[in-house]
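Each remark here refers to the structure printed beneath this line.
In this text, all values refer to a predicted model and were calculated from it rather than measured experimentally. Chain identifiers are assigned alphabetically (A, B, ...) following the order of the sequence lines, protein sequences preceding nucleic acid strands; residue numbering begins at 1 within each chain.
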Amino acid sequence: MQLELDVRLDPTLGCGQAHRWRKMESGCWQGVVKNEVVTLCQTDDGFSYTGSNERDLKEYFRADDDLGMIVSEISAADPVVADLSSRCPGLRILKQPEWECLATYVLATNVNVKRIAKMVESVCDHYGTDLGERRAFPTPGQILDGKDTISECRLGFREPRFIQLAEGVENGSIDLESMKDMPYEKLTLALQEINGVGPKVADCVALFGFGKLESFPVDVRIQKCVERMYGVTGNYKTVSAFGRGKFGAYAGYAQEFLYHSDFI
DNA sequence: GGGTACCCTCTCGG
DNA sequence: ACCGAGAGGGTAC
């Protein structure tokens, strides 16, 4: 089947916002969407797909986002982003499942991107429902059922946080459903109540999991970038607020373009 | 509010 | 080749 959409799969699926996509030798991408193994192949005006359906893929790729309008808005705010975005067309921010996004980013502390993917895949291989070629991201219950073997996943000091997160979601003390209705700031504060979630992880989860496009996550890379480009320094709150203030409702997109620039 | 340790893996310089 | 040091999407204390 074919989906017509303003998107380039390579930057969108390979940029590190989601961690389970694999580029196959054919150049197509394999991943899991809504508990189905999907294969996506780039075409001139979108991509062809197998294993999923148009409705789920449109949601996952945020097909309602007007990429042209978004890029033009953040480009108007800054010539650097204008240049970067023009050189990276078709990069879209994805809408990942809230639970999967949160659990993934709790693992994404003090490790390189390569190992994040490795830990995530290990957790899926151990506890996720078998979907054939791949496994689903496990539910909190599946993780708790098998937690006696969690050390095999090599999560390091993240292990107790990961288990605690699964317990919280399972017993209802962490209510992701209610967080869907929260505006950006309230959401990030609620997320930071969770052990292992600081301001950076909260911003990433708000952006990639809850679709808060004004979120401007600041990691060490963005911090250097913002200092070099705009001369802005300071603590997390200062730098992220600068990003949201400068780029507005679509600051998350601006952050993606800055993140993938080579100007550090 | 700033400084550190942190579990583990991979990479790099000797 | 082998080994030790260093760094790696940050967070908790």
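Taking the six-membered ring where tryptophan is involved, the planes of A:Trp21 and A:Phe61 are tilted, since the angle between them lies from 30° to 60°. A:Tyr105 and A:Phe208 have parallel rings, their planes meeting at less than 30° on a 0 to 90° scale where 60° marks the start of perpendicular.
Within the 3.5 Å criterion, the main-chain N or O of A:Pro217 finds a donor-acceptor partner in the side chain of A:Gln255. Judged by distance alone, the side chain of A:Gln17 and the main-chain N or O of A:Thr12 form a donor-acceptor pair under 3.5 Å. The closest donor-acceptor contact from the side chain of A:Gln42 to the backbone of A:Leu9 lies under 3.5 Å. Side chain of A:Tyr253 to backbone of A:Val71: no donor-acceptor contact under 3.5 angstrom is found. Listed for the A:Gln192 side chain is a donor-acceptor partner under 3.5 Å among the backbone atoms of A:Thr188.
Residue A:Arg115 is classed as a base contact, given a heavy-atom separation below 4.0 Å to a base.
Residue order along DNA chain B, read from the 5' end via each residue's closest nucleotide, puts A:Asn110 first among A:Lys118 and A:Asn110.
Note: CZ (A:Phe157) to P (C:dC13) measures 13 Å, nearest angstrom. C:dG10 atom P lies 12 Å from atom CZ of A:Arg221, rounded to whole Å. Summarising the geometry, the separation between OH on A:Tyr105 and C1' on C:dG10 is reported as 13 Å, rounded to the nearest angstrom.
The separation of C:dA5 from B:dA5, taken at their P atoms, amounts to 15 Å, rounded to a whole angstrom.
A salt bridge does not link A:Arg22 to A:Glu133: none of the charged side-chain nitrogens sits closer than 4.0 Å to a carboxylate oxygen.
Base pairing of B:dG2 is not made with any nucleotide, judged by Watson-Crick or G-U wobble geometry with both donor-acceptor distances under 3.5 Å. If you check B:dC7 for Watson-Crick or wobble pairing at under 3.5 angstrom, you find it has no partner at all.
Listed in residue order, the members of residues 189-203 of chain A having a heavy atom less than 4.0 Å from DNA chain B come to none.
The SG atoms of A:Cys28 and A:Cys41 are placed within less than 2.5 angstrom of each other.
Along DNA chain B, the stretch of nucleotides lying under 4.0 Å from any heavy atom of chain A spans, 5' to 3', B:dC6 to B:dT11.
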